[in-house]
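Here is the structure we will look at.
Note that the structure is predicted; figures quoted are calculated from it, not measured. In what follows, every chain begins at residue 1, and chains take the letters A, B, ... in the order their sequences are listed.
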Number of protein chains: 2
Amino acid sequence: MLLSKSCIYGIRAAVYLALNRNGKYVPVREISENLDISFHFLTKICRKLSSGGIIKSIKGAQGGLKFERDPENISIMEIVIAIDGNNRFSECLLGLPDCGILKPCPLHDDWFDAIESIKEKFNDITVNRIAEEVRTGNVRITEINNPDF
Amino acid sequence: MLLSKSCIYGIRAAVYLALNRNGKYVPVREISENLDISFHFLTKICRKLSSGGIIKSIKGAQGGLKFERDPENISIMEIVIAIDGNNRFSECLLGLPDCGILKPCPLHDDWFDAIESIKEKFNDITVNRIAEEVRTGNVRITEINNPDF
DNA sequence: TTTAAATAAGACAAAGTTGTCTTATTTAAA
DNA sequence: TTTAAATAAGACAACTTTGTCTTATTTAAA
Ligand code: SF4
Ligand code: SF4
């Protein structure tokens, strides 16, 4: 798997948040129930998104989560980095020690083409773009039977 | 990580085997020492390659491993499948339940382009091709200081 | 002021992957 | 025939990821 479950949940939660932003803070409980993700696990992930500066959270009644910045400008890559750190994509194919391009492993060229292309895409795709696609009904972020997302 | 450690070790071991085939059976111990891979862990992986029909093994003195088929015709993909099963690459990006192209997740198109390209490459690249590249000194399958591989 | 709703924090459990070790079995060579 | 070299098999430990649970804290509303 290219992405950890944590990343996947984080991306889906961010898209949910972008879909439902009407100024109000959205509780983690609501997200976890609608996306069918373990509540406590999701709160942990959301705390990473908070400390990563992607969302902000407010405690107490009427509290919840909100974007810190406009999700128009938040890429999938930023979410992945906030959750799993910077080396999810820099880990390379055979993971040899002291690796580099001086004397690479046999799959280096092919692998780097592929991973660079994925990286580019992850940098380009914004949370808002995905939310828009969900809104127009082309794609989904939850199980197939859920009519809402 | 796209590939599990088991796969990585399996690929490196197969390339080693292709580099050192002079009719004789190669003991797992020799491979594990030269590639700096845990011996017992590697034997487990090699048993998967055996039951997958990629290599054959002979017990006892002068025993060891040998290719079952010509490594000219063994792709990296076959090794990955023998070790990790068929769904390493069919696992999809967001891993939604009941997934499909009818109503895909937002990253489906981009993801499938990328993964198809990687799959193609993994199907094309043979163990022998990698071994040849190691022989000519362009690439390596072990740590940088090792002059042999 | 009290209560209910919400995040924060962290202990803990379950599961998967990776790695170690021991014992049994097979085989060729001494 | 004995011995050493090798795989086979599987128990078990360490580590990582994933998931659950409990307690503390904060906040708005009743
Ligand atoms: S040579 Fe390239 S692909 Fe291979 S292990 Fe190193 S960085 Fe990764
Ligand atoms: S829509 Fe495509 S990329 Fe997304 S989860 Fe399903 S198969 Fe994977």
Side-chain angles (χ1 to χ4, degrees), chain A residues 1-13 17 20 23-52 54-68 80 83-85 87-88 91 94-95 97, chain B residues 1-13 17 20 23-52 54-68 80 83-85 87-88 91 94-95 97:
Chain A
M1 268 205 295
L2 189 71
L3 298 179
S4 66
K5 286 261 182 161
S6 296
C7 279
I8 291 173
Y9 294 164
I11 293 172
R12 290 171 62 203
L17 210 54
N20 293 44
K24 280 192 287 197
Y25 285 84
V26 179
V28 179
R29 183 118 254 155
E30 181 191 324
I31 306 178
S32 78
E33 278 172 2
N34 278 302
L35 298 188
D36 197 31
I37 298 171
S38 152
F39 167 70
H40 290 287
F41 194 34
L42 188 55
T43 57
K44 276 192 219 170
I45 295 166
C46 289
R47 256 175 277 147
K48 288 190 182 177
L49 292 179
S50 284
S51 44
I54 292 176
I55 62 177
K56 57 184 164 186
S57 66
I58 287 195
K59 279 181 172 183
Q62 311 300 315
L65 308 178
K66 209 179 183 180
F67 281 105
E68 175 78 44
V80 171
I83 293 171
D84 271 357
N87 45 0
R88 185 102 208 161
E91 275 171 356
L94 293 193
Chain B
M1 264 206 295
L2 189 71
L3 298 179
S4 64
K5 286 260 183 161
S6 295
C7 278
I8 291 173
Y9 294 165
I11 292 172
R12 290 171 63 203
L17 210 53
N20 291 46
K24 279 191 286 193
Y25 285 84
V26 179
V28 178
R29 184 118 253 156
E30 180 191 325
I31 306 177
S32 79
E33 279 172 1
N34 277 301
L35 298 188
D36 198 31
I37 298 172
S38 151
F39 167 70
H40 290 289
F41 194 34
L42 189 55
T43 57
K44 276 192 219 171
I45 295 166
C46 288
R47 258 175 275 146
K48 287 189 184 179
L49 292 179
S50 285
S51 44
I54 291 176
I55 61 177
K56 58 184 165 186
S57 66
I58 287 194
K59 279 180 169 182
Q62 311 301 314
L65 308 177
K66 208 179 184 180
F67 282 106
E68 175 78 41
V80 171
I83 292 171
D84 271 358
N87 45 1
R88 187 101 207 161
E91 273 169 359
L94 293 194

Checklist entry - Does the side-chain contact (heavy atoms from CB on, under 4.5 Å) test come out yes or no for B/Ile37 and B/Ile45, once each step is laid out? => result CA-CA 11 Å; B/Ile37 298 172; B/Ile45 295 166; 5.7 Å; no
Under 4.0 Å from OP1 or OP2 of [N]: is there any side-chain N or O of [X] that close?
| X | N | answer |
| --- | --- | --- |
| B/Ser6 | C/dT18 | yes |
| B/Ser57 | D/dT7 | no |
| A/Ser50 | C/dT7 | no |

Could you give the [atom1]-to-[atom2] distance, from [X] to [N], as a whole number of Å?
| X | N | atom1 | atom2 | result |
| --- | --- | --- | --- | --- |
| A/Ile37 | D/dT20 | CD1 | P | 12 Å |
| A/Ile83 | D/dT17 | CD1 | P | 14 Å |
| A/Lys24 | C/dT7 | NZ | P | 15 Å |
| A/Arg29 | D/dT20 | CZ | C1' | 12 Å |
| B/Leu65 | D/dA8 | CG | P | 8 Å |
| A/Ile8 | D/dT18 | CD1 | C1' | 12 Å |
| A/Ile45 | D/dT20 | CD1 | C1' | 14 Å |
| B/Ile31 | D/dA6 | CD1 | P | 12 Å |

Looking at the side chain of [X], which of [options] is the nearest nucleotide?
| X | options | result |
| --- | --- | --- |
| A/Ser38 | D/dT20, D/dT7, D/dA28 | D/dT20 |
| A/Lys5 | C/dA5, C/dA28, D/dT18 | D/dT18 |
| B/Phe39 | C/dT7, D/dT27, D/dT7 | D/dT7 |
| A/His40 | D/dG19, D/dT7, D/dC21 | D/dC21 |
| A/Lys59 | C/dT18, C/dT7, C/dA28 | C/dT7 |

Next on the checklist: Ignoring hydrogens and geometry beyond distance, is the side chain of B/Lys44 in donor-acceptor contact with the base of C/dT20 at under 3.5 Å?
Outcome noted: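 When only heavy-atom distances are counted, B/Lys44 does reach the base of C/dT20 through a donor-acceptor pair under 3.5 Å.
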Next on the checklist: Can you tell me whether the side chain of B/Arg47 and the base of D/dA9 have a donor-acceptor pair closer than 3.5 Å?
Outcome noted: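 Indeed there is one.
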Item to check | Backbone of A/Leu35 reached by a side-chain donor or acceptor of A/Arg12 within 3.5 Å | outcome: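 It does hold such a pair.
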Item to check | Under 3.5 Å: donor-acceptor pair, side chain of A/Asn34, backbone of A/Glu30 | outcome: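 Yes; at least one donor-acceptor contact below 3.5 Å.
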Checklist entry - B/Pro27 or A/Tyr9: which one's nearest nucleotide on DNA chain D is closer to the 5' end? => result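 Per heavy-atom nearest nucleotide, the more 5' residue is B/Pro27.
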Next on the checklist: Closest-nucleotide mapping onto DNA chain D: is B/Ala61 or B/Cys46 further toward the 5' terminus? I mean the 5' end.
Outcome noted: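 Upstream on the strand: B/Ala61.
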Next on the checklist: Can you tell me the base-pairing partner of D/dT18? Count Watson-Crick or G-U wobble geometry only, both distances below 3.5 Å, and say none if there is no partner.
Outcome noted: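 Answer to the pairing question: C/dA13, which forms a Watson-Crick or G-U pair with D/dT18.
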Item to check | Base paired to D/dT26 (Watson-Crick or G-U; both N/O distances under 3.5 angstrom) | outcome: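 Per the H-bond distance test, C/dA5.
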Checklist entry - Given side chains that start at C-beta, do those of A/Leu65 and A/Val28 come closer than 4.5 Å, heavy atoms only? => result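 Side chain of A/Leu65 against side chain of A/Val28, heavy atoms only: contact under 4.5 Å found.
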Next on the checklist: A side-chain contact here means heavy atoms from C-beta on lying under 4.5 Å apart; do A/Phe41 and A/Ser6 qualify?
Outcome noted: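 Yes, close enough: below the 4.5 Å cut-off.
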Next on the checklist: How close do B/Cys7 and B/Asp84 get, counting heavy atoms only, and between which atoms?
Outcome noted: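 Shortest heavy-atom separation between B/Cys7 and B/Asp84 comes out as SG-OD2, 3.3 Å.
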Checklist entry - Which part of the nucleic acid does A/Gly60 contact within heavy-atom distance under 4.0 Å: base, sugar-phosphate only, or nothing? => result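 It contacts base atoms.
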